[in-house]
Undergrad: 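Shown below is the structure under consideration.
Remember, it's 1-based here, ligands and their atoms both numbered in the order they're listed.
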Amino acid sequence: MRVVCISAECEPWAKTGGLGDVVDALTRAVGARGPGGQEVEAGIPHTVQSQVWVGTGAVMGVGDIAYADHVERPVDLFLPKYRGLEAPAGATSRSLTVPDPLAESGVTEVTIVEFEARGYRVRLVDHPPAFDRPGYYGDENGDYPDNGWRFGLLCRAALEALLVDGRPVDVLHLHDWQAMPAVVLRDCAYDAYPLIARAAVMATIHNLAYQGWLTRDQAAGLAFPEELKRVMKPHADGILLLREGIDRAELVNTVSPGYAQEALTPAFGMGLDPALAGLGHRFGGILNGLDMTVWDPATDADLPANYSRSDMAGKAVCRRALLTELGFDPNGDGPVLSMIGRLDPQKGFDLLAGAAPELVAAGARIVVLGSGDPKRIAGMREIATQHPESVAIVEAFDRALARRIYAGADLYLMPSRFEPCGQGQMISLRYGTPAVVRRTGGLADTIVDVREWPGEGTGFLFDTSSPKALATVCRRAMEYYRRGGEEWTALQDRGMAIDWSWEAGPAEQYAASYRRAVSLRRDS
Ligand code: GLC
């Protein structure tokens with residue numbers, strides 16, 4: 001089974017958030033299951049229990065599907081060659097003529113830069129007018145108005161490169177709206193090309209908040225007028241790329257079972273809940289994994305000291321070093337609360353700003369690392385100015401500092417309003433830092449409240465999206481930390497013991513879903 005992924009982000013080449021990490025780890029993990037990879041035996045029926053296809057609310061495994069077909073290696077991943085993205089030595093380049101509705105001649109030359117790395121084959125689409133820009137999606141004026149053309153070009157270039165390969169594609173795995181032009185094009189521009197037309201599409205939604213709206217004019221960058229007529233509904237004033245993906249893909253999933261259930265409700269569906277509900281059992285949730293080798297306090301080269309479940313001494317070293325680095329008193333015993341993320345309303349930085357005065361008065365030290373919309377952090381900045389000895393705000397995208405915070409903090413906060421999966425809570429647990437999270441989406445699927453489940457808990461949950469509720473749960477967590485002793489170390493240890501790895505579950509669930517998508521396509 002030949003699987004081809006298309007994404008706007010992939011670590012370590014392009015990342016603004018969890019999407020980049022997940023696409024990298026997922027692509028590697030599904031490829032590692034193929035011949036020459038791990039574990040899979042041909043033809044053995046396998047029951048998948050933890051995958052949930054929600055549909056009308058029923059829960060359905062896909063266990064009756066026999067594993068007749070392996071994912072072929074290497075899996076291909078198409079990604080834009082953004083500004084600053086350097087291909088490694090040994091990469092090959094070839095030029096490719098791609099249909100382009102905005103070009104006078106109807107075609108544009110792009111370069112496909114290819115290399116194998118991290119267990120899959122990266123195929124960068126290099127076209128400077130589209131991708132050599134300051135931002136991936138936009139700049140200080142907002143989204144680039146020609147994103148339909150830019151990501152349409154990414155997808156067209158991918159499909160054209162696949163035609164040149166001359167080998168049939170079984171599954172196109174599309175991540176988020178930027179990749180959805182590929183399924184639109186499959187259906188309206190490449191339906192006469194069996195190599196592409198036969199491909200089943202698996203569309204993964206990492207966040208329903210980003211849907212890729214194109215006005216009628218902007219949609220002209222996506223497809224030629226004739227093609228557009230086939231896509232655009234009469235009287236519609238534009239195209240919603242994510243919606244096109246939902247309507248056309250064989251299977252649609254989001255990145256946790258909990259968020260998949262929520263997505264079917266008006267409160268979380270962001271207007272797409274009816275479309276998702278209409279898919280029935282073709283919509284579901286697969287919980288993201290975590291690359292346990294990329295995130296490992298025992299080997300993390302960015303930490304001042306390494307540690308593991310059997311020897312936790314290094315965590316105290318990391319804590320002292322972090323406090324010193326932030327200008328806090330390294331000898332103070334105030335619990336260190338941390339939060340890392342995109343500065344976006346989703347993440348709830350404003351809730352922390354509202355809770356911070358009470359928490360600081362109760363002796364907390366708070367560190368926030370974030371990049372994105374500076375307005376989101378204005379409240380916190382004010383508090384940091386008043387309390388430089390106990391509140392630090394770092395407005396940056398700093399991979400190494402993020403690691404030092406996961407390791408050096410006592411508690412990790414994710415007060416998200418909604419959270420498709422979330423990665424910080426898994427990383428923090430792996431680094432021995434219990435998480436304080438709102439009971440929503442992937443957070444509710446991954447963190448067990450220690451008050452509700454004393455012998456199994458890995459963190460602290462709260463329900464109401466308010467500063468008060470956040471302050472209350474944080475104070476509970478701080479008390480727990482202050483009591484210390486066996487109870488605290490057991491809480492840390494349970495979190496560190498969890499195997500979040502892709503290989504332990506999600507990779508297999510994706511592989512099974514690919515097979516299901518292929519059979520749905522065959523039957524269509
Ligand atoms: C998006 C979601 C986040 C998820 C990530 C990777 O960034 O907001 O919850 O963990 O995608 O799937």
Undergrad: Under 30°, 30 to 60°, or over 60°: which ring-plane class applies to Phe151 and Trp177, parallel, tilted or perpendicular?
TA: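 Phe151 vs Trp177 ring planes: perpendicular.
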Undergrad: Centroid-to-centroid, Tyr82 to Tyr136, below 6.0 Å?
TA: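 Ring-ring flag for Tyr82/Tyr136: true, centres closer than 6.0 Å.
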Undergrad: Tell me, which residues have any heavy atom less than 4.0 Å from some atom of ligand 1?
TA: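 For ligand 1, the contacting residues are Gly18, Leu19, Val22, His206, Asn207, Val255, Asn288, Arg342, Gln346, Glu419, Pro420, Cys421, Gly422.
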Undergrad: Give the minimum heavy-atom separation between Leu520 and Arg282, together with the two atoms involved.
TA: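 Distance-wise, the nearest heavy atoms are CD1-CD, 4.0 Å.
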Undergrad: Does Arg133 make a cation-pi contact with Tyr144, if we ask for NZ or CZ under 6.0 Å from the ring centre and within 45° of the axis?
TA: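 Output yes; distance and angle both within limits.
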Undergrad: For the pair His206 and His175, name the ring-plane relationship: parallel under 30°, tilted 30 to 60°, perpendicular over 60°.
TA: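 Plane angle between 30° and 60°, so tilted.
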Undergrad: Let me see the working for Arg376 and Asp350 under salt bridge (charged side-chain N to carboxylate O under 4.0 Å, His left out), right down to the final yes or no.
TA: CA-CA 7 Å; Arg376 299 288 151 209; Asp350 55 322; over 6 Å; no
